[in-house]
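Written below as structure tokens is the structure these notes are about.
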Amino acid sequence: MNNETMNQTAAARDAAQPVVEARGLDLTFQTNDGPVQALKDVNLTIDKGDFVSFIGPSGCGKTTFLRVMAALEQPTGGTITVNGMTPDEARRNRAYGYVFQAAGLYPWRTIAKNIRLPLEIMGYSRARQEERVKDVLQLVDLEGFGEKYPWQLSGGMQQRASIARALAFDADILLMDEPFGALDEIVRDHLNEQLLQLWARTNKTIGFVTHSIPEAVYLSTRIVVMSPRPGRITDVIESPLPKERPLEIRDTPEFIEIAHRVREGLRAGHSYDD
Amino acid sequence: MNNETMNQTAAARDAAQPVVEARGLDLTFQTNDGPVQALKDVNLTIDKGDFVSFIGPSGCGKTTFLRVMAALEQPTGGTITVNGMTPDEARRNRAYGYVFQAAGLYPWRTIAKNIRLPLEIMGYSRARQEERVKDVLQLVDLEGFGEKYPWQLSGGMQQRASIARALAFDADILLMDEPFGALDEIVRDHLNEQLLQLWARTNKTIGFVTHSIPEAVYLSTRIVVMSPRPGRITDVIESPLPKERPLEIRDTPEFIEIAHRVREGLRAGHSYDD
Amino acid sequence: MTLVVLAFVLWAFGIWVNMRLASGPAARTRAGKLAVPVIFGVTILVMWELLVRGLGVSMVILPAPTLIAARFATSLPTLWADFAQTFVKGALSGYVMGCGAAVLTAVLIDRSDFLRRGLLPVGNFVAALPIVGTAPILVMWFGFDWQSKAAVVVVMVFFPMLVNTVAGLTQTSAMQRDLMRTYAAGYWQSFFKLRLPAAMPFIFNGLKISSTLALIGAIVAEFFGSPTLGMGFRISTSVGQLSLDMVWAEIVVAALAGTAFYGAVAMIEKAVTFWHPSQRS
Amino acid sequence: ADAVKLQLKWVTQAQFAGYYVAQDKGFYGEEDLDVTILPGGPDIAPTQVIAGGGADVMIDWMPSALAAREKGLPLVNIAQPYKSSGMMLTCWKDAGIEKPMDLVNRTLGVWFFGNEFPFMSWMSHLGISTDGKSETGVEVLKQGFNVDPLLQRQADCISTMTYNEYWQVIDAGVSPDELITFKYEDQGVATLEDGLYVLEENLADPAFTDKMVRFVRASMKGWKYAEENPDEAAMIVLDNDASGAQTEKHQKRMMGEVAKLTAGSNGALDPADYERTVQTLLNGGSDPVITKTPEGAWTHAITDKALN
Amino acid sequence: MRSLLAVLTVVAAIVVLWYAACAPMNIKGVLTELERGGAQVVPEGAPARRDMSAFGLVAGNSFAIPATWAQERPRLPAPHQVVTELWNTTVMKKITSKRSLVYHGWVTLSATLLGFAIGTGLGILLAVGIVHSRVMDMSVMPWAIVSQTIPIIALAPMIIVVLYSVGVQGILPKAIISAYLSFFPVVVGMVKGLRSPDAMQLDLLKTYNANTNQGFWKLRLPASMPYLFASLKIGIAASLVGAIVGELPTGAVAGLGARLLAGSYYGQTVQIWSALFGAAILAGLLVGLLGLIERATLKRMGMS
Ligand SMILES: Nc1ncnc2c1ncn2[C@@H]1O[C@H](COP(=O)(O)OP(=O)(O)OP(=O)(O)O)[C@@H](O)[C@H]1O
Ligand SMILES: Nc1ncnc2c1ncn2[C@@H]1O[C@H](COP(=O)(O)OP(=O)(O)OP(=O)(O)O)[C@@H](O)[C@H]1O
Ligand SMILES: Cc1ncc(C[n+]2csc(CCO)c2C)c(N)n1
Ligand SMILES: [Mg+2]
Ligand SMILES: [Mg+2]
């Protein structure tokens, strides 16, 4: 596969160079009742193969930061590079797989066709398309729903379809905005495991927004805690957990210790007295 | 308060009589590629003052069952009564406060006006409206956002506004469809506590859909576990936890025991081998 | 007088039947959906007949439906020839050319925000030109035969179609577009896979509006010069000769053809935009 | 004063000068009449207006009135201020047309809307078919309101009135010797134009008849005044034109031409002219305007009282 | 600002094309006139030129090009001719004069506005009925569509006659025709708008047991506002066309329709074009005005 050989040479180069490097990033939205500072002085380095989770109260700029990385939003200050280029150049190199906070399936395509969409655009052969669609449908446990239209599925099923769509092609960097928000714990655990396996296998770099502290701790090599008004990074927690993570790791003291630290960081961003 | 005296006499009567009683409930959607059985032979009794959580894989019919209770969907078989009447009669008596899975705020109304909507419809006086809006905005930690329009808020903030809207008036029965799905753990804990307090204070009956097992266990007097294709109830777990529940209760063995049972029930509904 | 009273009794009856039908289970069946408007129409026709007879309205003012039907039946060859001239040659060819050109133009100007900003106001301006003014000019330019009628139709349908298509091409949500951006999809890829499908409801809106405009345009244009053939020619000539039954027979043809045309477009719409919420309920 | 509503056949122009003069000079007032003049236009069928009760009396060409009568609308001619017909066919000389039979195999512009009858009769008189260009037929176009088809050479000939469209062709820069005209009057197929018609049933009402007597008397006074003072009449017409489209030059010239057509009439219908019109129409070939000789389509009752 | 520049560029391009088009469009008439005036043109004689290509004639007689922009009765008047005529008939004439386009525009405008008011009112009423009553939805909507396939210009004279016979005259008949043309877009748009609330928004009201009335005022009506304005803009343009059509069978004594007709009747192309532009400018102003109202309303509703 062309893509994979490319990835490997890239990996060799990236060992020294970080994948994402943000320096003093600012982003202010101009709204009709004044400016809203969504990101303020954000500094962050993400290395090749990192799994970085973003956690923080609602409205703290998690989505916004993900969008800046994917060149969907222009920062109003500071610099950011992705693979040593601007995010937009990286985008044009098809570096990203993005899972949005809402499913965003195209209503005129069936689930299978929705998943096939990026493959068509990136010029996969017919046979490869079929194969990938089948694989990822299975991955998210939606076999048999390929021929349904999006509105015939429940909210959680749609969300899984959109995850499948992002996994169907081999993007270097996977950006996921609360992908598992609408899913129950069991599916979530299952998909968490699958995601970890995929990550370990492919050495992708993953940016992941979540509201669940255990999920963040379980998945990440690094947890970024954010705080709102204005949105900024208050803490970056490196995880000492090994790359190999059975579900039971969640009961180990290290795990609980990190979760505690994240919770403390998170609480600092809130105004509740408890 | 007129409403409350009414509630008390109602409570006396309801001690004997269940609030919701479903017997052999079936619901089949007719779609263009054949019927989808969303609910099959559902039997459930909810007593006055119960806090019932519904948990289950996505697509198992949780939303559908809530909608049937609120007379938003007609069952195709079986019977259901609410307060001894049909759901539709109960609806006409304004028995329900409903929080939808998506926020569903009216975009042409500010947050405060959105919350005021049910109050206007139910003929609250101006002064009472102001007062209620102020109270519930505070409850969900959105003071100062009353005059913003929905799209000026992040996803989580919108969801909180929609919860405030359902709490603004004194409905007998509160039906909440994944109300805290888009919120981080801290806010979620905070709102969980608030909800428990409200419930203890007002003796409301609450139906609550969630994907979080700890949340279900923490909040409920009874946990209904559902399973898909066709959607049915596989387990109903009574909680022995006291009505008074500090957050720390989540570390007690009883709590962990119930959570374990729920997890097992949930797992049974999935096809994963792990 | 009794006829007039009868007319109103019948009207009340028709409404009553429809109320029953619409609120009953029949309303969901195909037959029920067809029956209600048909009953409504038949009620109006019978009322018309009874009122015209009952009030003794002169035939040169408003002929009774039976007279119109009789004239329709005896003039089929003429009506057919007029229909072919006006609808097939004038309206249909103009419709195809106008709508086709509009969609192509929309695609062209869609690539440039500058052109879009510049052309749309001008387009709105041209769309407001009244047909009574443009028709004589176009007859002068394109001659008396169907070509000038087609030209009038092109002018009439071009801008509603253009405006709708351009609006439709912007009808994608930010998230849908962002998705394409993350794939680094090319212009034509996101055009065919996202913007065109998303635009379809609007394009069909334009096609439906244009379908009624096209026939009217072709007919009206014939008032300003035509060969001795065509629906507009026949209508204006027959009015002058006080053959009101013929006028109405042509109007019936126009209504039938126009409704069938509209219905055909609506059916294609249903098949193409089945996914849109307005088609799903 | 008694109210009278008069429906014209066409827009306000010197063609109807007599009535505007009678109005302006107070002739109607002298007869204790309150006359409203309703202008016509390309979309107005006077017969329909009178049938609908929109007017008491109307101006129309006799073929159209007789056709309406056969359709069941009993119109009666009560006066005929126009003695002769002003209609003609105007052709390019350079197209090689010299005599009526040269018309075959050419494209001709004709007015429809009830005005096609004289042309059809003439063609059938000549034995020329109107079904398309051929050695024995002509191609007919439904001419619009203006002379463009001739100027643009979309047609070889068009219908014109001596007092109106012909001069528009001239005004467009064409010199009279580039043109050749065929007057219906000269071809022996002239039909009566611009008569006054009312509904037969109204004539049974003495009050109505009396009103019409006074109306015709005043109108004829207006016509005679207009013939004698053509320029003043044209200016009166101009004052009454609400569209602001008419020009002084054109109206004065039109009045001059119109005066030639009204000159021979005192207002009373000449039965001989009527017979000739009916004969022309009855001979209208395969699709004649009228199929049987009309009965009671005219009366002298009004003019007899009005003019004596 | 950007938009203005864009519009000006497009207009400039159109004007250039327009001038260019005048030459082939008018060349035959110009050559005939020049020939009458004694000039030497190729080929000689109008019949010879009749079937020749206009471009060929322009190429062969390039000296005649300026004359194609200054004809008295052109097939296509040059832009400056139309502008001059517009200027002369608006600014240079007293607005009470019958030759003033402002006067005629006012006559048409009054019928347009009355017709628009009637049509919009009727359209909204029908839409409300259709949305709330199944009978109306099922029986009226198909016939509303049929009504728009009937060529109103053919019916207009009869409508006027019938109205006349029952004593309705003056501005009202015109307004009724204008209303007939404008009610349909309003019905279609409003039905769409009143039905635009999604299932969840409707369900919410259902849980409050809101009555139909409350549902209308608090949900359906506000949700329909963008649709309402879109269809009002189409409706007012249709009203204007309706008023102009309605002027023809009322004797076409005054109004833009009368100007169009008189221009057509006397072959005054320049007058037709200026009346046409007058009508389009009027429509543009009306639509622009509605746009302003729309902006203000939606802004107040927080929807812009
Ligand atoms: N397009 C926009 N225009 C104006 N303000 C915006 C826009 N998008 C986001 N914001 C504001 O920027 C801030 C950050 O928003 P963002 O969506 O990044 O939050 P988030 O961390 O993703 O929250 P959540 O967890 O609720 O999704 C919020 O205050 C939001 O109101
Ligand atoms: N309007 C509808 N038409 C057809 N099928 C439907 C409709 N609504 C729901 N369904 C089907 O009914 C089943 C139950 O859906 P429901 O929305 O109740 O699931 P849920 O338990 O709420 O799931 P989630 O956790 O993802 O919200 C699903 O299979 C869904 O596809
Ligand atoms: C559409 C139409 N075209 C021609 C005439 C014929 N016509 C009758 S009177 C008159 C005035 C002559 O200048 C003319 C031209 C008409 N009535 N309607
Ligand atoms: Mg977000
Ligand atoms: Mg659900």
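Small disclaimer: the values here were computed from a predicted structure and weren't measured. Numbers restart at 1 for each chain; the letters A, B, ... are given by sequence-line order, proteins then strands.
In this structure, chain E has a heavy atom under 4.5 Å from the backbone of B:A71, while its side chain stays farther away. Contacts between B:L105 and chain E at a heavy-atom distance below 4.5 Å involve the backbone alone (N, CA, C, O).
Heavy atoms of other residues, nucleotides or ligands lying less than 6.0 angstrom from CD of B:E143 number more than 12.
Using non-hydrogen atoms only and a strict 4.5 Å limit, the part of residues 205-218 of chain E facing chain B consists of E:L205, E:K206, E:T207, E:Y208, E:N209, E:A210, E:Q214, E:K218.
Applying the ring-ring contact (aromatic ring centres under 6.0 Å, His included) rule to pairs touching residues 68-103 of chain B yields B:Y98-B:F100, sequence neighbours excluded. For residues 53-72 of chain B, every residue pair satisfying the ring-ring contact (aromatic ring centres under 6.0 Å, His included) rule, not counting sequence neighbours, is listed here: B:F54-B:F65.
Residues meeting the salt bridge (Lys or Arg N to Asp or Glu O under 4.0 Å) test with B:R67, sequence neighbours left out: B:E73, E:D203.
By the 4.5 Å heavy-atom criterion applied to side chains, E:M225 and B:W108 are not counted as neighbours.
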